[in-house]
A.B. asks: 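Pasting a structure here, questions to come.
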Amino acid sequence: MKNFQVAIIGGGVIGSAIARELSMFKLDVAVFEMGSDVASGASKANSGVVHSGINSPTSSLKARFCVEGNKMFQSLANELDFPLQWVGKYIIAKNEEEVRDLEHLKKVGMNNNVPGLEIKNRSEVKKKEPNVSCFKALWIPTAGITLPYQFTIALAENAAENNVVFFLETKITDLKKQKNLFLIKTNKGDFQAGVVVNAAGLNCREVVSMMEEPDFQVYPCRGEYLVLDKNYSSLINSMIYPVPVKGSGVLGVHITPTIEGNILLGPSAEFIGDPYDKRTTNETMNTLFLEARGIIPSLPDKAVINAYSGIRCKLASPESGGWADYRIEESKNMPGFINLLGIESPGLTAAPAIAKEIIKMISHLIELNKKNSFKSRRHRRKRFSEMSAEEQSNLIKKDEKWGRIVCRCEHVTEAEVIEALSNPLEARVLSSVKYRCRAGMGRCQGGFCTQHIVRIMEEHFNMDVADMRLKSPNSNLFYGKTRGNQSD
Amino acid sequence: MVKPEVIKVIDYTVDVAVIGGGPAGLAAAVSAHEHGAKSVVVIDRNSWLGGILPQCIHDGFGVEETGTSMTGPEYAEMYIEMAEKQGIDIMKETMVLQFDKKREITAVNKKGLHKIKASAIVLAMGCREKTRWNVMISGDRPSGIYTAGVAQAFINLYNIMPGKNVIILGSGDVGLIMARRLKFEGANVLGVVEILPYASGLPRNVVQCLEDYDIPLFLNHTVTCIDGKERLEQVTIAQVDGEMNIISGTEKKIECDTLLLSLGLIPENELANNIGIEIDNITGGPTVNQYLETTLSGVFACGNCLQVYDTVDVLSADAENAGRSAAKNSAIQKKDKKIIAKIVPGKGIRYVVPQIISEPGKVHLTLRVEKPGESSVLHMVAGDKEILKKRLAWVNPANMIGVDVDIPHEVLTSTQNLEVILVDR
């Protein structure tokens with residue numbers, strides 16, 4: 001039975017950040033992820049915002065890790081080469097009454113040591129954001145945007161390059177403590193570990209209940225988003241938020257630019273029974289559009305190219321206001337069992353700081369020695385579409401696959417698709433390609449590139465079409481070959 | 001001083017460059033050559049010519065044009081042979097990244113980057129299929145949702161079976177043809193769902209693809225929800241009223257593993273858009289004059305990137321016009337063409353191509369009506385002067401109408417709009 005010193009349950013942004021942090025030390029570390037790739041839950045389906053830390057009460061873990069995490073992002077982006085832009089955020093007030101909310105947010109933010117907060121009047125906002133309608137706005141210069149899935153992938157792939165083992169499509173079926181070791185049963189066999197980190201997100205309670213009676217509930221809260229065509233990227237320059245809805249524990253429908261040039265509208269907030277129910281609904285899609293139009297009156301009708309939703313892992317019920325702090329703690333009854341509970345927004349921002357905290361906790365359990373072979377840098381190759389003509393020509397001369405465009409909307413080449421499929425996590429579903437190199441993410445939504453990616457999977461990776469999947473273990477794309485072909 | 005490494009951009013100069021090697025591009029290229037263009041190049045991003053035709057293995061192509069019914073690959077072959085015989089340059093697996101106002105094209109293929117300076121450009125990029133999000137169908141995002149053309153490519157070009165139990169949304173021609181194709185491959189086609197009160201594909205396809213195989217057609221219905229966390233498990237269909245609002249209580253759940261979307265086509269005009277060529281909001285294609293010249297001088301448009309055609313026969317005929325105009329444009333230093341009159345779609349008319357008349361004389365109009373009807377009269381009027389009056393036994397938005405009209409000189413001097421209207425007889 002394979003034995004690891006640390007087993008991390010969950011390959012979301014938290015699990016991946018912890019894995020990357022642990023990969024600096026002489027340790028055998030494994031990550032168990034039930035999805036077909038990392039970032040297959042809430043870590044990919046959120047606003048992609050690096051928050052400043054003004055929204056959580058002073059002295060909460062949310063505020064602390066958010067502010068600390070925010071400060072770590074730039075150097076992480078330099079090391080791991082994931083996209084990051086400090087576009088800043090306006091929280092807009094529609095009237096005098098909402099200006100009081102802005103003043104309150106500013107005060108909390110200052111208490112949380114968030115720098116540069118300023119209340120701007122309408123004309124100052126208009127200069128920067130001519131399409132936004134507001135009375136006054138709070139300007140937050142330290143808020144940024146990233147691509148949440150690429151951030152998570154960068155953390156995980158760097159961890160894998162530093163010898164952390166990722167088990168994808170591996171679901172924990174049972175967990176027990178036997179003497180000093182944890183026995184981890186999965187659909188892919190049994191494993192042992194000295195320390196178990198529960199970073200299972202929405203499934204955190206399920207994992208806890210394998211070991212002990214949980215003293216908390218999870219209240220899944222769905223947030224739907226709309227994605228707008230890149231043609232409309234000039235509508236905004238920074239993030240535009242309303243004042244948070246009181247007593248809801250969420251930030252409200254906001255308008256977020258993405259690094260790729262799309263704009264996100266959302267998220268909604270709806271408490272649901274089934275934590276896997278990631279559907280979008282007609283009602284909410286309409287509401288999102290109307291609410292966003294309240295902020296940008298000129299928002300065009302036909303701009304939507306996609307919709308998705310993510311589920312927040314909340315520890316507070318809607319009746320109690322929906323707000324609860326993170327719980328990051330070692331089990332009292334089961335030493336070595338570390339739980340991260342209720343890591344919802346601003347979890348993406350908090351992830352690097354939370355990972356540091358977990359290392360501190362693990363250092364009390366195992367001796368941690370830095371390894372000299374740690375490679376802190378991960379180089380992301382520029383995309384073909386970002387290159388100069390000279391760079392493009394030189395690459396094509398070396399490998400003609402750089403001259404073959406596979407995705408017409410985003411100008412992604414065959415070389416980039418092969419590189420994406422050759423990832424160190426060995427994630428090989430269609431969405432692994434999409435989230436690594438953007439093939440299929442444009443306005444035709446895979447109409448042209450899917451057949452080419454399938455051909456590449458067949459030719460370069462010897463995959464059988466019957467085994468090709470969209471995004472998860474049972475999301476098969478095809479039913480094998482056609483009748484005539486089977487009888488060959 | 002160290003000489004910087006010079007990038008090797010491969011340069012060409014041509015009379016006519018055609019972007020897209022589908023039926024429109026091939027017809028335009030052949031026609032350009034026949035009308036005197038000495039060097040013609042066709043640039044296509046695929047490894048084959050003929051665009052979508054090679055995956056259209058059903059017949060019915062070329063009937064109007066040649067009197068013979070051909071399959072898609074046969075029809076494509078006819079034009080490919082003509083192009084080869086004429087010595088037209090073909091660049092396959094080559095993607096045009098952009099072109100500028102001086103008609104200098106930047107393209108890429110496995111040999112490198114190319115700069116192609118063209119006296120005239122013909123746009124023939126075709127179209128793409130509408131997706132689920134163009135009509136905002138809510139629900140889960142499982143695998144098993146394909147646009148009909150993508151499913152057709154998988155079956156016919158790659159022998160890959162996209163599904164077993166299939167619902168098709170949209171009764172456009174591709175959807176109808178795929179219903180029959182899937183049936184042939186042993187799939188269970190559970191029905192074709194159409195939001196309109198009539199099928200949007202050709203009547204012959206409704207008979208030959210659905211009725212002959214007892215595949216139900218649900219008119220006045222649409223898909224309201226998609227269920228399936230991984231692979232598609234079921235869809236909900238519901239009836240709609242005259243305003244296309246869902247009638248609550250009519251929802252019906254249908255178990256299926258595949259949803260094909262045949263929701264219509266969108267002309268591909270990213271290249272035209274990027275350079276500021278005016279696009280007609282209704283057709284989705286460039287605004288053109290009777291020579292199919294766009295608002296950027298020396299750039300012509302044809303095929304499905306100009307407007308979505310019903311049949312390849314009509315498309316090819318129009319594309320020849322674009323090729324001919326491009327050849328003439330590249331041969332002579334032409335005088336400035338002023339916009340003399342606009343053609344305006346009036347009552348009962350959805351759109352008319354061309355949108356601009358820049359010279360008097362014979363003009364071929366293609367147009368679509370807004371709704372089906374019988375015994376109508378098509379008029380073209382300039383103020384109180386009638387230029388065209390044509391009786392039509394029946395009209396249908398699914399059937400493009402082609403009509404020739406002679407535009408007299410005196411009409412254009414009065415700078416009025418030319419209005420096209422449809423009235424009941």
Side-chain angles (χ1 to χ4, degrees), chain A residues 226-227 231 276-286 302 304-308 384-385 388-390 392-394 396-397 400-405 408-409 411 413 430 443-448 450-451 454-455 458 465 469-485, chain B residues 4-9 45 47 93-95 97 106 108-113 128-129 131-134 136-144 146-147 149-150 153-164 184-187 224-232 246 257-258 266 268 270 273:
Chain A
L226 299 175
V227 185
N231 282 343
Y276 301 106
D277 186 3
K278 292 197 277 189
R279 67 180 56 228
T280 54
T281 61
N282 278 321
E283 301 73 36
T284 306
M285 289 198 288
N286 290 335
K302 287 182 178 170
V304 176
I305 61 161
N306 206 335
Y308 63 87
F384 178 81
S385 59
S388 69
E390 184 171 357
Q392 291 173 337
S393 296
N394 285 338
I396 298 168
K397 213 188 296 170
E400 63 179 38
K401 292 188 193 76
W402 282 98
R404 214 175 277 149
I405 303 278
R408 64 180 167 196
C409 302
H411 290 178
T413 64
L430 206 56
R443 56 180 68 97
C444 92
Q445 291 286 306
F448 179 69
T450 307
Q451 54 183 292
V454 166
R455 175 180 57 78
E458 271 189 301
V465 291
R469 286 154 303 138
L470 177 65
K471 57 174 183 180
S472 58
N474 296 311
S475 63
N476 64 304
L477 285 167
F478 309 115
Y479 287 84
K481 293 283 184 175
T482 50
R483 283 198 301 189
N485 221 268
Chain B
E5 199 187 334
V6 184
I7 44 156
K8 288 248 170 66
V9 175
R45 63 185 173 214
S47 57
E93 284 190 279
T94 307
M95 179 88 182
L97 300 175
T106 308
V108 62
N109 64 19
K110 60 187 181 184
K111 294 209 178 86
L113 283 182
R128 63 168 183 269
E129 297 178 280
T131 71
R132 164 183 185 181
W133 305 110
N134 291 106
M136 297 294 277
I137 308 169
S138 63
D140 292 322
R141 309 196 326 157
S143 64
Y146 292 97
T147 56
V150 169
F154 277 122
I155 295 182
N156 292 346
L157 299 180
Y158 304 96
N159 298 320
I160 293 172
M161 199 59 187
K164 291 280 184 207
F184 285 168
E185 288 301 334
T224 57
C225 195
I226 288 169
D227 289 295
K229 289 189 169 103
E230 299 198 78
R231 177 81 193 194
L232 180 64
I246 288 148
D257 53 51
T258 306
I266 304 172
E268 283 254 288
E270 273 76 14
N273 243 327

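Proteins get letters first, then strands, A, B, ... in listed order; numbering begins at 1 in each.
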A.B. asks: If you count heavy-atom pairs under 4.5 Å between each of A:Gln445, A:Lys401, A:His411, A:Lys278 and chain B, which one has the most?
C.D. replies: A:His411

A.B. asks: Could you tell me which of A:Val465, A:Asn231, A:Asn282, A:Thr281 has the largest number of non-hydrogen atom pairs under 4.5 Å with chain B?
C.D. replies: A:Asn282

A.B. asks: Check whether B:Tyr146 gets within reach of chain A through its side chain, its backbone, both or neither, counting any heavy atom under 4.5 Å.
C.D. replies: side chain

A.B. asks: Given heavy-atom pairs under 4.5 angstrom as the criterion, report whether the side chain, backbone, both or neither of A:Tyr308 touches chain B.
C.D. replies: both

A.B. asks: Do you know which of A:Ile405, A:Leu430, A:Leu226 has the most heavy-atom pairs with chain B at a distance under 4.5 angstrom?
C.D. replies: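 Heavy-atom pairs under 4.5 Å are most numerous for A:Ile405.
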
A.B. asks: When heavy-atom pairs shorter than 4.5 Å are enumerated against chain B, which of A:Leu470, A:Val227, A:Asp277, A:Thr280 gives the highest number?
C.D. replies: A:Thr280

A.B. asks: Tell me, yes or no, whether the heavy-atom count around B:Lys229 atom NZ, taken from other residues, nucleotides or ligands under 6.0 Å, exceeds 12.
C.D. replies: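 It does: B:Lys229 NZ has more than 12 such atoms within range.
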
A.B. asks: Check whether B:Ile266 gets within reach of chain A through its side chain, its backbone, both or neither, counting any heavy atom under 4.5 Å.
C.D. replies: neither

A.B. asks: Could you pull out the closest heavy-atom pair between B:Ile160 and B:Pro162, with the gap in Å?
C.D. replies: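 Closest approach of B:Ile160 to B:Pro162: O-CD, 3.2 Å.
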
A.B. asks: Against chain A, work out which of B:Arg132, B:Glu93, B:Arg141 has the most heavy-atom pairs shorter than 4.5 Å and name it.
C.D. replies: B:Arg141

A.B. asks: Between B:Asn273, B:Asp257, B:Thr224, which residue shows the highest count of heavy-atom pairs closer than 4.5 Å to chain A?
C.D. replies: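 That would be B:Asp257.
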
A.B. asks: For A:Gln392, is it the side chain, the backbone, both, or neither that has a heavy atom closer than 4.5 Å to a heavy atom of chain B?
C.D. replies: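 Just its side chain gets close to chain B.
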
A.B. asks: Just checking, is any N or O donor in the side chain of B:Arg231 or B:Thr258 under 3.5 Å from an acceptor N or O on the other one?
C.D. replies: yes

A.B. asks: Of all the heavy-atom pairs spanning B:Pro142 and B:Gly228, show the shortest one and how long it is.
C.D. replies: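 Looking at all heavy atoms of both residues, the shortest contact is CB-O, 3.1 Å.
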
A.B. asks: Could you go through the side-chain contact (heavy atoms from CB on, under 4.5 Å) check for A:Val454 and A:Gln451 one step at a time?
C.D. replies: CA-CA 5 Å; A:Val454 166; A:Gln451 54 183 292; 5.6 Å; no

A.B. asks: Do NZ/NE/NH1/NH2 and the carboxylate oxygens of A:Arg408 and B:Glu270 come within less than 4.0 Å?
C.D. replies: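 No, this pair does not count.
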
A.B. asks: Take a 6.0 Å sphere around NZ of A:Lys471 and say whether it holds more than 12 heavy atoms from other residues, nucleotides or ligands.
C.D. replies: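 Atom NZ in A:Lys471 is packed in, count exceeds 12.
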
